[in-house]
S.K.: 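Would you mind keeping the following structure in view while I ask a few things?
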Amino acid sequence: MTMARASMLLSLLGVCVCRAADIADDDGNKTPREIAHENGWAFESYNVTTQDGYILELWRIPGRTGEAVGGKPATLLMHGLVSNGVAWMMNEPALAPAFTLAAAGHDVWIGNNRGCRYGRAHTTLSPEAKAFWEFDQEEMGMYDVPAFVDFMKGATGAAKVGFVGYSEGNTQMFMALGLAPAYFAANINLFIALAPIANMGHAMSPLVRMLAKMVNPATKAAEALGLYEFVPYSELADGLTSKFCGMLPKFCLSFLALATDLNPMVDNSARVGSFTGQIPSGTGFRNIAHYGQIVKDKRFQRYDFGAAGNVARYNQTTPPEYVLAGVPTMPIGIFSGSIDELGNPTDTAALVKDLGRNVVFSREYYVGHIGLGGIAKNMSYFTDDAIALLKKYETRP
């Protein structure tokens, strides 16, 4: 840890009792429907079944309560790792992406990936079974996203929809683009990547790099112990964390400096209690392992099942890379953070180069990884730039 970071952490801990008492931070134990309705927005929830049998919740904010539904451009928001769709509502109402996008005239749809709190059902498998957790970001991109997009198109009549993915929400899209670009080019009018994560060879986070070195023995240990789920949602644990972080928000934010952000003070400490009451929300252990492999091997590659497993699945001993260079897809907007310890600027620059002419917007902001997920104090990257880009490429029914 650098002296500058240590100094920053000590200063954070020294002032952690401060709290913005004038801003409500009480959404940690509320349902997404309650949060939407309290802020004057209509809310709909659907169960969508993927091609491989996962039953996932897809939420919709079509407009203000009582407003006529339909005729608006539809946009899908996809959350990050160990999170769920409610993350898009966790900032203050005037800043939360789900609400600011709806206020800008979009038909907002919010997906929940398999394995999170709102994606723990299957047509034949129980979450208690090992087979339920045999997926990673690739399946999320290849099955979850198309299931949501097809449902949205059927419900709205839109020819194409917009897609906004944060962190893992865009990892799964990049993986899918490397395998089946034609589907997404035909059905998505714009892909916005917030905190883009593909190759993570230059990730700066000391915690992430340490965990990456342990990925192989950790994976074997987890399998031996029958541990397939990672940090599942717990009403008790998340409730206690929400209360603690609501009282001491800057103390909780300080820990982000160890893993994701060089300066967590750019995030909205007034909403940390709500955020930590909803998240973590669970994921499969294989998702964590896949990221660890990507960091360790410095390649944006498919999951490594070991030499024998790779031969059986890929017909080669090493996992193949996802090829993005030269792949014609759809317009892509890249929104990165200069103090993001996971989405390093070097890796982002290489990603932009690979995507080539598909990139129609690329800008770096003074914000960290968590902030790009919708919890920053200054949300102008979304309220101004992202929404303007969505409007430019929108498709109306």
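Counting begins at 1 with the first residue of the sequence. If you're wondering where the values come from, they're calculated on a predicted model, not measured in any experiment.
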S.K.: Would you please indicate yes or no on a ring centroid separation below 6.0 angstrom for Tyr46 and Trp59?
M.R.: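 They do not qualify: ring centres at least 6.0 Å apart.
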S.K.: Kindly assign one of parallel, tilted or perpendicular to the pair Trp109 and Phe151, based on the angle between their ring planes and the thresholds 30° and 60°.
M.R.: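 Ring orientation of Trp109 relative to Phe151: perpendicular.
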S.K.: Output yes when a side-chain donor or acceptor of Asn344 lies under 3.5 Å from a complementary backbone atom of Met200, and no otherwise.
M.R.: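 Such a contact is absent between Asn344 side chain and Met200 backbone.
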S.K.: When the ring centroid of Phe191 is compared with that of Phe163, is the distance short of 6.0 Å?
M.R.: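 Phe191 vs Phe163: aromatic centres under 6.0 Å.
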S.K.: Does Asp267 use its side chain to pair, donor to acceptor, with the backbone of Gly371 at less than 3.5 Å?
M.R.: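 It does hold such a pair.
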S.K.: Test your reading of the model: is there a side-chain donor-acceptor pair from Asn170 to the backbone of Ile197, 3.5 Å cut-off?
M.R.: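 Yes, Asn170 side chain to Ile197 backbone: donor-acceptor pair under 3.5 Å.
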S.K.: Under 3.5 Å, is there a donor-acceptor pair between the side chain of Asp297 and the main chain of Arg299?
M.R.: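 No; judged by distance alone, with no hydrogens or angles, the pair does not exist.
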S.K.: Scan for side chain to side chain donor-acceptor pair (under 3.5 Å) pairs involving residues 77-89, sequence neighbours excluded, and state none if there are none.
M.R.: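 Found Asn84-Ser281.
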S.K.: Any heavy-atom pair between the side chains of Glu394 and Leu390 that's under 4.5 Å?
M.R.: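 A side-chain contact is absent here, since even the closest heavy-atom pair is not under 4.5 Å.
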S.K.: Do the side chains of Asn112 and Leu58 get nearer than 4.5 Å, heavy atoms only?
M.R.: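 No, every pair of side-chain atoms sits at 4.5 Å or beyond.
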S.K.: Residues in side-chain hydrogen bond (donor to acceptor under 3.5 Å, both in side chains) with Glu139, at least two apart?
M.R.: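 Glu139 satisfies side-chain hydrogen bond (donor to acceptor under 3.5 Å, both in side chains) with no other residue.
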S.K.: Taking the side chain from Asn39 and the backbone from Ile35, do they hold a donor-acceptor pair closer than 3.5 Å?
M.R.: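 Present.
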